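Note that the coordinates shown come from a computational prediction; the quantities given were computed from them, not determined experimentally.
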4 protein chains.
Amino acid sequence: MPRSKDEAKVIAIFDATLSVVMKTGFNGLKMADVAKKAGLATGTVYLYFKNKEALINALYLHLKTEKTQAFMLAYNPTDDFKTAFTKLWQRYFDISLAEPERMLFIEQFTYTSYLTRKTKEKGDALLYPLFEFLQEGIRKRKIKNIPLPLLISQLMGPIFEIVKLHYNKKIKVTTSVKKSLLELAWKSVSR
Amino acid sequence: MPRSKDEAKVIAIFDATLSVVMKTGFNGLKMADVAKKAGLATGTVYLYFKNKEALINALYLHLKTEKTQAFMLAYNPTDDFKTAFTKLWQRYFDISLAEPERMLFIEQFTYTSYLTRKTKEKGDALLYPLFEFLQEGIRKRKIKNIPLPLLISQLMGPIFEIVKLHYNKKIKVTTSVKKSLLELAWKSVSR
Amino acid sequence: MPRSKDEAKVIAIFDATLSVVMKTGFNGLKMADVAKKAGLATGTVYLYFKNKEALINALYLHLKTEKTQAFMLAYNPTDDFKTAFTKLWQRYFDISLAEPERMLFIEQFTYTSYLTRKTKEKGDALLYPLFEFLQEGIRKRKIKNIPLPLLISQLMGPIFEIVKLHYNKKIKVTTSVKKSLLELAWKSVSR
Amino acid sequence: MPRSKDEAKVIAIFDATLSVVMKTGFNGLKMADVAKKAGLATGTVYLYFKNKEALINALYLHLKTEKTQAFMLAYNPTDDFKTAFTKLWQRYFDISLAEPERMLFIEQFTYTSYLTRKTKEKGDALLYPLFEFLQEGIRKRKIKNIPLPLLISQLMGPIFEIVKLHYNKKIKVTTSVKKSLLELAWKSVSR
DNA sequence: GATGAATGAGTATTCATTCAT
DNA sequence: AATGAATGAATACTCATTCAT
């Protein structure tokens with residue numbers, strides 16, 4: 001959690017951290033590198049974050065919050081379910097692909113011993129609106145009645161994999177690919 | 001690569017490494033801990049693996065090979081496609097869930113700077129039989145004609161997510177859950 | 001090469017290194033000992049020198065440069081050749097005997113795998129002024145016309161041996177001994 | 001000191017040690033390398049030498065003894081002094097140049113913390129016949145009356161340097177070079 | 001005697017964190 | 001607040017020596 005008001009530096013540190021993690025992996029993350037990349041002195045980073053763990057946890061929540069918010073913006077309560085589903089899926093897909101590093105950071109973070117129980121809970125809570133939406137779909141008998149975590153796994157799991165392939169330049173995601181994937185997703189969960 | 005013939009020690013080291021990684025995360029992996037857990041002296045580990053990176057890469061390939069082989073054993077070429085698909089999916093699901101640590105190790109490893117290009121390629125090559133099988137399904141018009149990596153993402157992505165939830169005790173995977181998931185999978189990729 | 005400006009620390013490290021090497025031999029040289037002797041933390045030494053090899057190479061050049069400069073200061077171009085020779089020989093002898101450790105470090109270093117080709121070349125280059133001087137003596141027919149490396153071997157070889165004997169307290173170098181040795185040196189190379 | 005009778009293995013170990021030291025310096029000397037080079041198992045070396053220090057000390061004495069003996073063979077008591085001096089100098093020079101590694105090993109060893117007082121004394125004692133010879137020369141007023149260690153330094157110092165240059169391929173030692181050096185040597189010590 | 005796998009103390013080096021300026 | 005030099009605990013790896021076969 002930032003200790004100061006200089007929001008610009010916080011952002012610079014976040015960007016630098018993300019960049020270093022994506023280039024070197026989580027185990028290549030050195031505070032000195034983050035500082036240098038952010039254009040700051042090593043000690044300065046510690047003015048904004050208590051320690052490495054705090055920095056990583058803060059970044060995680062920052063990214064997850066940003067992403068979730070951006071994604072839920074696509075939700076219009078007046079849309080019928082399938083339309084809403086389509087919009088949300090597409091937005092989620094677009095966001096993930098546009099900034100794969102953010103998504104991959106979040107993924108990787110899950111595996112790290114840096115993860116705090118508190119951070120994890122906060123992160124999970126962010127998905128609450130999505131839970132609500134899907135719950136609604138079940139109630140309306142638009143999608144299958146299976147536990148929400150499974151539904152979400154079914155929807156997000158493939159996207160994670162696609163993003164990895166895309167990030168590693170194993171595939172090229174065209175409009176038709178995207179259309180196919182949406183179809184697969186809908187077909188798998190819809191009634 | 002082992003320098004001697006004592007295969008038992010190699011296995012002991014593999015087991016110890018996996019155990020330490022799962023308990024402490026990838027950045028908590030210390031060679032001394034591996035040695036102790038394996039009941040060996042530190043130096044002995046280095047008789048079998050040149051260094052930490054080599055150990056991790058070897059373990060990765062070992063796990064991935066084992067898993068892939070175990071999983072492809074479920075394949076019977078005389079089965080009709082849907083039966084074969086069902087058996088393979090179930091086997092993959094069972095294996096992943098039965099030994100989540102192995103699967104999670106493989107996943108985590110991907111994000112590590114320890115990953116060698118060569119190892120990555122070898123690991124990818126293991127999936128070749130699966131590619132063959134799915135290709136066959138496409139030819140027979142049993143499943144949708146979309147690029148194989150996408151198909152595999154669609155099938156494996158959800159399983160990865162489920163395993164994580166299961167490992168973190170967020171869900172309990174019952175027979176009916178498993179049945180539902182198989183249905184989702186088949187519905188999403190079948191024609 | 002120092003990364004910062006605190007020249008005092010560089011000197012402290014050099015002194016500590018020399019002292020440790022002379023007390024324990026080259027294979028007793030431990031970075032931790034150097035740091036402690038220099039009154040610094042282990043890591044600090046690494047702020048100033050990339051690694052052990054770099055430290056040793058730097059010290060070698062430092063000592064050789066210092067010694068060569070101090071010794072060539074005795075050279076006065078207006079002196080006639082024999083006078084100049086005498087002054088230089090005496091200065092070299094005095095310096096070597098006054099600080100045998102420096103000379104012995106330089107000698108020992110030569111046998112070490114730490115020696116970098118680059119360092120060796122730089123060190124050799126320092127003797128250039130001496131080559132010039134002797135070349136001049138040959139031209140003026142004051143000393144024998146034999147290849148310079150041989151001449152230098154003839155002059156320095158005995159001094160190295162004397163310093164060793166002196167350092168190991170096998171002999172006591174009196175004024176008359178010094179006088180004798182100078183005579184031997186001059187007699188051997190003069191025409 | 002060898003513990004067994006298999007002289008051939010002792011020689012193989014000596015040769016291997018010498019070779020490794022010359023290739024990698026004294027600090028690159030590893031018992032495993034010696035064993036491999038000698039065509040033996042690591043443990044076997046320890047059957048012949050108590051430990052590394054013992055091996056090095058034994059090799060030192062072996063080399064120094066061999067060399068001194070080979071060299072003193074050139075001495076014929078019936079020769080007049082100058083003839084004897086010439087023969088001895090030439091023999092010493094030839095031997096040193098023919099097997100520079102042996103000479104350099106002896107030199108390097110002096111700087112090592114492995115050196116045992118006892119070994120040192122034994123090594124020094126080997127030069128006793130040479131002391132006798134030079135003492136005789138002083139008595140007969142053939143050479144200058146200065147302390148024997150100084151005389152020996154004056155004679156051997158240059159040779160050591162020449163061997164180093166030769167070994168490092170900095171000079172080529174021709175017959176005329178050798179002749180010059182002998183002259184320098186004689187001129188410097190003779191009356 | 002011979003082997004070479006096993007041992008584990010020893011060491012160079014790194015890097016999160018602190019603190020004097 | 002900002003700096004970056006300094007710290008020293010932590011850790012990968014080595015290698016002399018031992019010992020079971």
For C:Y48, which of C:L55, C:L40, C:I13 qualifies under side-chain contact (heavy atoms from CB on, under 4.5 Å)?
C:I13
With a 4.0 Å cut-off on N to O distance, would you call C:K67 and C:E99 a salt bridge?
no
Between P of F:dG8 and NZ of C:K30, the distance in whole Å
20 Å
Tell me if the centroids of the rings in C:F49 and C:F14 come within less than 6.0 Å of each other.
yes
Find the distance A:K36:NZ to E:dC15:C1' and express it as a whole number of Å.
13 Å
Regarding D:T112 and C:N27, do their side chains bring together a donor and an acceptor under 3.5 Å, going by distance alone?
no
Length of the CG-P vector between A:D33 and E:dT14, whole Å:
12 Å
Applying the Watson-Crick and G-U wobble criteria at under 3.5 Å, what pairs with E:dG10? Answer none if nothing qualifies.
F:dC13
Return the nucleotide paired to F:dT21: Watson-Crick means purine N1 to pyrimidine N3 with N6-O4 or O6-N4, wobble means G-U with N1-O2 and O6-N3, both under 3.5 Å.
E:dA2
Contact class for B:L55 (heavy atom, under 4.0 Å): base, sugar-phosphate, or nothing?
nothing
Is it true that A:E107 and B:K164 have a side-chain N and a carboxylate O under 4.0 angstrom from each other?
yes
Rounded distance in Å - OH (A:Y48) to C1' (F:dT3):
13 Å
In terms of side-chain heavy atoms of D:T42, which of F:dT3, F:dT17, E:dA16 is nearest?
F:dT17
Among E:dT3, F:dT17, F:dG8, find the nucleotide with the atom closest to the side chain of D:N51.
F:dT17
Quick one: is F:dT3 close enough that its OP1 or OP2 comes under 4.0 Å of any side-chain N or O from A:Y46?
no
Counting only side-chain heavy atoms from C-beta out, which of F:dG4, F:dA12, F:dT17 sits nearest to A:A41?
F:dG4
Return the 5'-most residue of the pair A:N27, A:G43 with respect to DNA chain E, ranking by each residue's nearest nucleotide.
A:N27
Interatomic distance, A:I13 CD1 vs F:dT3 P [rounded to whole Å]:
10 Å
Using atom CE of D:M31 as one end and atom P of F:dT14 as the other, report the distance to the nearest whole Å.
19 Å
Whole-Å gap separating P (E:dT7) and CG (B:L47)
9 Å
Contacts of C:G39 and B:E53 projected onto DNA chain F by closest heavy atom; the upstream (5') one is C:G39
Would you tell me if any nitrogen or oxygen in the side chain of C:K9 comes within less than 4.0 Å of OP1 or OP2 on F:dA6?
yes
Whole angstrom is fine here: how far is it from NZ in B:K52 over to C1' in F:dA10?
11 Å
